[in-house]
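Notes for the one structure printed next.
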Amino acid sequence: MKMKSHGKLAALPLGSIKAEGWIREQLLRNKDGMGGHLDELEPDMIANPYINCGTDEEWGAVKAGWGAEISGNFWYGFIMLAFGLDDEELKAKAERWVNGVLKNQRPNGYMGTYTENDDVMDDYNAWGTGCGMKAMLAYYEATGREDVLEAVHRCMLWFCNTWTGNNKTRYAGITLLESMAICYLHVGDDRLLAFMDEYFDFMNRCDLYFVSRNAMLSDEFRYNSEHSAGFATHIWPYATAYKANGEKINLDAAENAIRKIKKYALQYTGGIPSHAEYLGPVSASVETEYCTIGFFEAALIHTAEASGNPEYIDLVERVLFNAAQGARKKDEKAIAYMSSPNQLFANENSGLFINNMQQYAPVYPTSCCPVVSVWVVPDYLRSIAMRGEDGIYLASYGPATINCGEFTLKEDTAYPFRDTIKVTVSSTQEVTTNINVRIPGWCEDAKIVVNGEAVADALQAGTYYPLSRSWKDGDIIEITFPMKVRLSQLDDSQMMARHPMAVEYGPLLFSLKLPEVWTAVKGSPRNPLPEGWSWWDVNPKLDWDERGDIYEQQGLRKFNISWNVAIDENLSPDDVKVELCEGGYVWENPQIKLHLPAYKALYSYPPYLRKTMDLYSGPVDVYDEMEIEMVPYGCTNLRITYIPRAKLPVKPMPNPEK
């Protein structure tokens, strides 16, 4: 018995929103890249765990532990990719995997990667199985196959019957409740709700990682208490539980957790700092794990649906357009496990946590991040439109075709690279309903025109504006979100206290892009990579490379190092020139460039860098006026994003010839 969600909004069935424009181009690249092929590159970790479970001797930890999480998350992303593209080849491959999982379901209902000889109370059994069941539920939502839903329901009941009382784990196990809550909304079995309440009570009594409901509700935020990706996933159970049971305390926990992230640990990129993978404060060079990017995006979407608050969609766009894109190779054949706002190197030795984690690669010895990277764009695509009691909500924006059931909407836009969105209605009959338009929190003077007539004089930022009328075929909604340059100081007072400057334009963060030299390297994949695939070292191409100067001995030192720049902290947005560009793939060829007055800051960094470092001081001494060009963060792989503040007045320029 399908249950009504208590959430204010609900996702449309998977497959209702089809990618167009730049989103489709990126998904097609991903089909030819990691999304379409990771299972072939790492079959033991990604392709096989749910459908070809071997013995402990054959598989080891890959099959039971890491494999459960990594394989499940890959197939969730793969299924989202297949139906977001409406690609028959990918859908057929997804069906083969789903049928293989169903074939391995045990008579007692268990459907996962653990053999009968494994410890079924292991933390990763619940976490990994939840990842796999999320993929199965996505497939059910796209196809309506009742045998898939029935199998997931039986699997959830196995946990209800086996993980009883205090037989639970307090690290990742609770994330199973995301799939359990979604399953409940489809089947209405109160035993699932009872298990969820039991788990919340257990966590409140046995919390170790500061992720229980009581901890999420508290004002405390403890650095190093939890893996940053783990903290993001622990928002899911509370947001989805609210959708299932309507208990406000669960939604309050999810919203307060996000509030604390915003206050204590959120980069302008949308990434959460991953200090040795654990929660910590923001700074210019601190890394973010790619899993954290995808998990936080998913947490924000769940909470946006549960609450109806458009603030969370603002954050979804921040994550997707900036952090998620800035850690991807633009041909979609590699990502960086760890990346940072200021990143001068991404090579074997540059990582702050583990050296090779900043290298670009399609797979790592533990490939959790590559598989999560497959779902971030399809997840964003699905968040473009949602359904509420009063109609359709246009939440995120991007080129797409949206099947709303009674009618179809087509979004024609280059957003976020342009500020206009044209929405065309297709319908065989008039439909009276609301189309609710999200006004981004950063937009002060949005405009909406329906069939040539303006609908309001003033639209409030950070709200949904309801368009109530009878819609007919050919109706056109024209939405304009004028974008302005915003200059801010990073609050890195818990780390370096240098307060460098961030530059934004609309939903995009901008960076000083460094010329990149990509070098194919062997890396350390579990299996040899086939032709066309590689690990990559990415290094900056320095001004003196072609000249071959030994720059210290020739008196050049750092004078020509392109990243040694600073800007006036009192710079006016009016002094920034906006250049709109055309042509090419949007993440390879910047569609917007910003030109800023700046200064040469000769002594910002040591001359023999091998890792990205934070500044020793701020503001920094400056020696000459110049202009810098900044591009969207997502168009870069090496960059300076947080620009040092200039210590004025300008000092005399040293003479490099003496």
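Keep in mind that what you see is a predicted model, and the values were worked out from it rather than measured.
Remark: side-chain polar atoms of Asn322 are not paired, donor with acceptor, to backbone N or O of Tyr633 under 3.5 angstrom. Between the side chain of His499 and the main chain of Gly618, no donor-acceptor pair closer than 3.5 Å is present. Without hydrogens or angle criteria, Asn342 side chain to Thr641 main chain gives a donor-acceptor distance under 3.5 Å. Of the possible donor and acceptor atoms, one in the side chain of Ser71 sits under 3.5 Å from a partner among the backbone N and O of Ile46. Judged purely by atom type and a 3.5 angstrom limit, Asp207 uses its side chain to pair as donor or acceptor with the backbone of Phe210. Judged by distance alone, the side chain of Ser307 and the main-chain N or O of Asn309 form a donor-acceptor pair under 3.5 Å. At distances below 3.5 Å, not a single donor-acceptor pair connects side-chain atoms of Arg382 with backbone N or O atoms of Tyr380. Side-chain atoms of Lys168 do not come within 3.5 Å of backbone N or O of Asp123 as any donor-acceptor pair. One N or O on the side chain of Ser179 and one on the backbone of Gly130 form a donor-acceptor pair closer than 3.5 Å. Between the side chain of Ser604 and the main chain of Ala601, a donor-acceptor pair closer than 3.5 Å is present.
Under the 6.0 Å distance and 45° angle rule, Arg318 does not count as a cation-pi partner of Tyr268. A cation-pi contact, defined as under 6.0 Å to the ring centre and within 45° of the axis, is absent between Lys260 and Phe221. With Tyr238 as the aromatic partner, Arg213 does not meet the cation-pi criteria of under 6.0 angstrom to the ring centre and within 45 degrees of the ring axis. Cation-pi geometry between Lys333 and Trp533 is met: under 6.0 angstrom from the ring centre, within 45 degrees of the axis.
In this model, no donor atom of one side chain and acceptor atom of the other lie less than 3.5 Å apart for Ser285 and Thr612. For the residue pair Arg328 and Tyr290, a side-chain donor N or O sits within less than 3.5 Å of a side-chain acceptor on the partner. A donor-acceptor contact closer than 3.5 angstrom links the side chains of Glu69 and Trp127. For the residue pair Tyr312/Glu255, the side-chain donor-acceptor check at 3.5 Å is satisfied. Looking at Ser225 and Arg222, their side chains never bring a donor and an acceptor atom within 3.5 Å of each other. Under the 3.5 Å distance criterion, with hydrogens and angles disregarded, a donor-acceptor pair is assigned to the side chains of His302 and Glu178. Using a 3.5 Å distance cut-off with no hydrogens or angles, the side chains of Gln267 and Tyr642 do pair a donor with an acceptor. Between the side chains of Arg486 and Tyr505, no donor-acceptor pair is found at a separation under 3.5 Å. Of the N and O atoms on the side chains of Asn214 and Ser212, not one donor lies less than 3.5 Å from an acceptor on the other residue. Side-chain contact of Gln358 with Glu348: a donor-acceptor pair under 3.5 Å is absent, judged by distance alone.
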* Would you check, one step at a time, whether the test side-chain hydrogen bond (donor to acceptor under 3.5 Å, both in side chains) holds for Tyr415 with Glu317? => CA-CA 11 Å; Tyr415 185 89; Glu317 292 189 346; 2.7 Å; yes
* To do: Step by step, work out the side-chain hydrogen bond (donor to acceptor under 3.5 Å, both in side chains) result for Thr292 and Ser228.
  => CA-CA 6 Å; Thr292 306; Ser228 60; 3.0 Å; yes
* Asked: So Glu287 and Gln343, side-chain hydrogen bond (donor to acceptor under 3.5 Å, both in side chains) or not? Walk me through it.
  -> CA-CA 9 Å; Glu287 298 165 315; Gln343 184 146 6; over 6 Å; no
* **Leu315/Ile258 under side-chain contact (heavy atoms from CB on, under 4.5 Å): CA gap, chis, key distance, verdict** => CA-CA 10 Å; Leu315 290 173; Ile258 295 171; 4.1 Å; yes
* To do: Go through the steps for Lys611 and Asn347 under the test side-chain hydrogen bond (donor to acceptor under 3.5 Å, both in side chains), then give the verdict.
  => CA-CA 9 Å; Lys611 298 177 185 288; Asn347 60 38; over 6 Å; no
* salt bridge (Lys or Arg N to Asp or Glu O under 4.0 Å) between Glu516 and Lys541, worked out -> CA-CA 6 Å; Glu516 301 156 2; Lys541 181 176 176 59; over 6 Å; no
* To do: Run the numbers on Tyr171 and Tyr209 for ring pair (Phe, Tyr, Trp, His ring centres under 6.0 Å), then give the verdict.
  => CA-CA 7 Å; Tyr171 180 53; Tyr209 299 97; 4.9 Å; yes
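Screening Asp568, Leu571, Ile643 against Leu487 for a side-chain contact (heavy atoms from CB on, under 4.5 Å) leaves a single residue, Leu571. When each of His227, Met357, Met338 is tested with Ser274 by the rule side-chain contact (heavy atoms from CB on, under 4.5 Å), just one qualifies, namely Met338. Just one of Trp587, Tyr397, Phe321 meets the ring pair (Phe, Tyr, Trp, His ring centres under 6.0 Å) condition when paired with Phe417; it is Trp587.
The shortest side-chain heavy-atom distance between Val374 and Asn73 does not fall under the 4.5 Å cut-off. Proximity of Ile439 to Pro310: side-chain heavy atoms (C-beta onward) are nowhere separated by under 4.5 Å. Residues Leu344 and Ile640 form a side-chain contact, since some pair of their non-hydrogen atoms from C-beta on lies under 4.5 Å apart. Proximity of Pro281 to Pro273: side-chain heavy atoms (C-beta onward) are nowhere separated by under 4.5 Å. Between Leu177 and Thr240 there is no side-chain heavy-atom pair separated by less than 4.5 Å. Residues Gln325 and Val586 form no side-chain contact, since every pair of their non-hydrogen atoms from C-beta on lies 4.5 Å or further apart. Counting heavy atoms from C-beta on, the side chains of Cys368 and Glu289 come closer than 4.5 Å. In this structure, Asn637 and Tyr360 have side chains that are in contact, with non-hydrogen atoms separated by less than 4.5 Å.
With values rounded to the nearest 0.5 angstrom, Asn224 atom CG is found 12.5 Å from Glu277 atom CD. Atom CG in Leu352 sits 8.5 Å away from atom CG in Asp614 (nearest 0.5 Å). The line from CD1 of Ile261 to CD1 of Ile272 is 4.0 Å long, rounded to the nearest 0.5 Å.
Using cut-offs of 30° and 60° for the angle between ring planes, the Phe74 and Phe78 rings count as tilted. Using cut-offs of 30° and 60° on the angle between ring planes, the pair Phe295 and Trp375 is tilted. Taking the six-membered ring where the residue is Trp, Phe345 and Trp563 present perpendicular rings, their angle passing 60° and hence far from 30°.
Under a 4.0 Å N-O distance rule, the pair Lys262/Glu311 qualifies as a salt bridge. Note on Glu569 versus Arg645: salt bridge recorded, some NZ/NE/NH1/NH2 to OD/OE distance being below 4.0 Å.
Contact between Leu320 and Ala324 at its shortest, heavy atoms only, is O-CB, 3.5 Å. Minimum interatomic distance between Cys635 and Lys513 (heavy atoms only, all atoms of both residues): O-NZ, 3.2 Å. Of all non-hydrogen atoms in Ala284 and Pro341, the two that sit nearest each other are O-CD, 3.4 Å.
For Gln489, the CD atom counts as densely surrounded, since its 6.0 Å shell holds more than 12 non-hydrogen atoms of other residues, nucleotides or ligands.
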